[in-house]
Amino acid sequence: MKKLKEIFKSPYMILLFFAFKLVVYYKLINVDVSDIVFILVSVTALGLIFLSFIRSRLKRKNIIFLIIYSLLSLLMFADTMYYNYYNQTVSIKQLWQAKNVAAVPESFVATLIPASFLLFADIPIIYYYFKKFLRDNSKRAAWSYKRELKYIAIGFVSMFILLVVNPFESKTIDKVNSVEFFSNHVNDIYNAIAESVVTEEVPEKEVLDTVKEVTPQVSGPKYKNIGEGKNLIVIQVEALQNFVVNAQYNGQVITPNLNAFLQQDTVYFDRYYTTIGKGNTVDAEFSTLNSLYPVIDRECYTLYQNNTFDGLPWLLRDKGYDTLAIHGYKGEFWNREAAYPGQGFQNFYSMEDLDQSDIIGLGISDKSMFRQAADILEKQKKPFFSFIITLTSHHPFVIEDKDVTLKIKPEDEGTKFGSYLKTVHYFDEAFGQFIQELKNEGLYDNTVIALYGDHHALNLNMDNNKEMMEKYLGRTYDYDEMLRIPLMIHVPGSGVKETIHTTGGQIDFLPTIANIMGLKFDQPYILGQDLCNATDGFAAFTAYLFRGSFIHNNVMFEISREGVFDGSRAWDIKTETPLDASQYEEDYNRAITVKKTSEEILNQDLIKNYIHRDTAPSSTPDK
């Protein structure tokens, strides 16, 4: 009993409380706490920090230790919030996105998990024990100050070399590095510094050979040139998941106007997936317009603002089209205003250029934005390409009762599921009105209209979305359904009506629409394929699933939580049958390769070797 009291009074209780904190942390980021190695490594790391402060000669080291411990707690808190939304912990590379995250406070607040606040609960206790240890330690004889610091330094260096540098290339250490709190973040900082100091470029010939190897060369007569010479409107719909199409809720059709849109002159791709990075919406449009994968570090519109591109706006502009983009939020958001000239847009109409009298959630309502878009398009020289981005169905799906026409069941009120259905039904009404306005303006008959979702709405790891969706769908709600979005390409007067089941992603939009619009590429860096003529479908994922995850026809593969091949899972998306993940290493390597290849194309700005235009884009688009 006496020994137990001594242990309880011991300042080394700091490590015990920290261990409890780690259990909470690892539970919140979905790490199996039965794998005790993660907790042991974390406790050892904190123990070294603790000892280094105890033996140091810093003044007010108790305050300094408290600040550091509080910052570590804050980082854990940020990890849990980030994981709740992205299924990944935060990286130093994403710190630059804080401004964009802060611009959407409702979404930020919606990612909070009440249990995460437990990560701050031990701070006053830790401070008490640390002060007590300093007080008690001052009364005792101690080892040589220099000798103790030498052993502590050896401990730090040994851990760094073993865990971060990983000289033996151990898969077990890779697993620890990707999950354990300290080594994960130290390794992240180390890699970020190493990448900025040492950049070994892959020779362009090797990049070209890889593009030919991993990207199918698909061509065919199906729907070739059926939209050539027509205007083109591409609508990127905020958080439009595929499950709402042709679906009913509470006796009501969720998207009647989209459903009618599909009934004639439309090719519908129902196995289409989002391939976004951490830039979410802005990475969806980047991948869509350029047939390149976004990177995990940050939004491509900032990282590669000064690159040369030859995406959809440029291809149409070179054919004499006027190119413009319309979005109901601030022009500077996600760096669009600065990046759009390099993408080939001549004009950009943002919130600052539009009537702001009707705001829903983040920005101008879809109905108001579409009305104004119709007026803008009517005044354009023909032919034109217009890229339109909607907003009303943005997370966390805030909409006033006066704007709601879908009746929600009492038990679904106040849920993200119910709120999302309200906003997506509102979008559908706005879309129906837009089609009618195009007809009224005499634009409809000569305009190809493509529409797709940018990313998921209902994250299966947040709130009670998984439970609600499985109840509604009557089947498992997994990543294959969460990341599935619709793509519709409507060509008035074509007589086309088909649903294409070939698996694809936003990476495939450019070659698909190029086939329909009669466009040709003057550079080889197109990583997608024409889904109208393809039969074998493949897409790699960047965010929400870890690097190496992919979908190939009916097979969905999720790399392990630790980011290593061992321990991954695969399943048949049609039957929901689990598959032996070890059989898909070749496709896993393909996913890794195609992502690395895309990064090389972007980092080396390789498209500039093929594209030489007489006039460079101005620094800002004309209004």
Side-chain angles (χ1 to χ4, degrees), residues 82 85-88 90-97 100-101 192 195 207 210-211 214-215 234 236 238-239 272-313 325 327 333-336 338-340 342-345 387 389 452-456 479 482-483 485 487 504-511 525-529 538-551 559 563 590-607:
Y82 207 73
Y85 192 81
Y86 283 109
N87 195 33
Q88 296 170 348
V90 73
S91 164
I92 190 174
K93 298 171 184 176
Q94 273 88 57
L95 293 179
W96 305 106
Q97 294 182 338
N100 294 311
V101 173
E195 288 171 12
V207 176
T210 304
V211 170
V214 300
T215 304
V234 176
Q236 178 171 286
E238 177 65 42
Y272 195 67
Y273 291 84
T274 177
T275 52
I276 58 173
K278 292 293 179 67
N280 275 6
T281 298
V282 78
D283 279 345
E285 63 184 79
F286 175 82
S287 192
T288 294
L289 297 174
N290 294 287
S291 194
L292 294 169
Y293 282 97
V295 295
I296 196 65
D297 300 346
R298 242 191 119 180
E299 71 279 5
C300 289
Y301 277 173
T302 299
L303 284 175
Y304 307 109
Q305 175 186 325
N306 297 318
N307 276 30
T308 296
F309 290 99
D310 193 45
L312 185 58
H327 184 34
F333 191 54
W334 290 119
N335 204 40
R336 283 187 177 95
Y340 272 171
Q343 292 296 317
F345 287 112
F387 184 62
I389 308 162
Y452 66 94
D454 60 353
H455 55 71
H456 66 274
Y479 287 106
M482 171 181 146
L483 300 177
I485 54 175
L487 168 62
Q506 287 158 339
I507 195 78
D508 299 310
F509 180 82
L510 177 56
Y525 297 116
I526 304 296
L527 298 183
Q529 60 177 339
F538 181 91
F541 297 105
T542 302
Y544 301 96
L545 293 174
F546 289 91
R547 188 184 183 102
S549 300
F550 64 84
I551 185 162
I559 194 70
R590 178 183 175 184
I592 294 290
T593 300
V594 75
K595 293 302 301 301
K596 286 182 177 178
T597 301
S598 188
E599 288 177 17
E600 287 295 332
I601 294 167
L602 291 168
N603 289 338
Q604 296 188 49
D605 193 12
L606 293 179
I607 295 174

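When reading the values below, keep in mind they use all heavy atoms of this one structure, side chains included, and skip hydrogens, waters and symmetry mates.
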Inset, instruction - Mind running side-chain contact (heavy atoms from CB on, under 4.5 Å) on F541 and I551 for me, showing each step along the way? - result: CA-CA 8 Å; F541 297 105; I551 185 162; 3.8 Å; yes

Tell me whether the centres of the aromatic rings in [X] and [Y] are closer together than 6.0 Å.
X: F538; Y: F550; answer: yes
X: F309; Y: F286; answer: yes
X: H455; Y: Y544; answer: no

Closest approach of [X] and [Y], non-hydrogen atoms and distance?
X: I389; Y: E285; answer: CD1-OE1, 3.3 Å
X: E299; Y: T302; answer: OE2-OG1, 2.6 Å
X: D283; Y: C300; answer: OD1-N, 3.3 Å
X: G311; Y: L510; answer: CA-CD2, 4.3 Å
X: L602; Y: L292; answer: CD2-CD1, 3.9 Å
X: I526; Y: V211; answer: O-CG1, 4.4 Å

Rounded to the nearest 0.5 Å, what's the gap from [atom1] on [X] to [atom2] on [Y]? Could you check?
X: I601; Y: E599; atom1: CD1; atom2: CD; result: 10.5 Å
X: Q506; Y: T274; atom1: CD; atom2: OG1; result: 4.0 Å
X: F387; Y: L289; atom1: CZ; atom2: CG; result: 5.0 Å

Donor + acceptor pair across side chains of [X], [Y] (<3.5 Å):
X: Y273; Y: D508; result: no
X: N603; Y: Y304; result: yes
X: T281; Y: Q236; result: no
X: Q305; Y: N335; result: yes
X: N290; Y: Q343; result: yes

Would you find a donor on one side and an acceptor on the other, under 3.5 Å apart, between the side chain of [X] and the backbone of [Y]?
X: S598; Y: K595; answer: no
X: D454; Y: N280; answer: no
X: S291; Y: I507; answer: yes
X: S549; Y: I559; answer: yes
X: Y525; Y: L606; answer: no

Could you walk me through whether F509 and V234 pass the side-chain contact (heavy atoms from CB on, under 4.5 Å) test, one step at a time?
CA-CA 11 Å; F509 180 82; V234 176; 4.0 Å; yes

request  = Measure the shortest side-chain to side-chain distance between L545 and L483 over non-hydrogen atoms and say whether it is less than 4.5 angstrom.
outcome  = yes

What verdict does the side-chain contact (heavy atoms from CB on, under 4.5 Å) test give for T215 and Q529, after you've listed the backbone C-alpha separation in whole Å, the side-chain angles of each residue and the deciding distance to 0.1 Å? CA-CA 7 Å; T215 304; Q529 60 177 339; 5.5 Å; no

For the ring-ring contact (aromatic ring centres under 6.0 Å, His included) test, which of Y340, F345, W334 pairs with Y301?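 Option passing the ring-ring contact (aromatic ring centres under 6.0 Å, His included) with Y301: Y340.
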
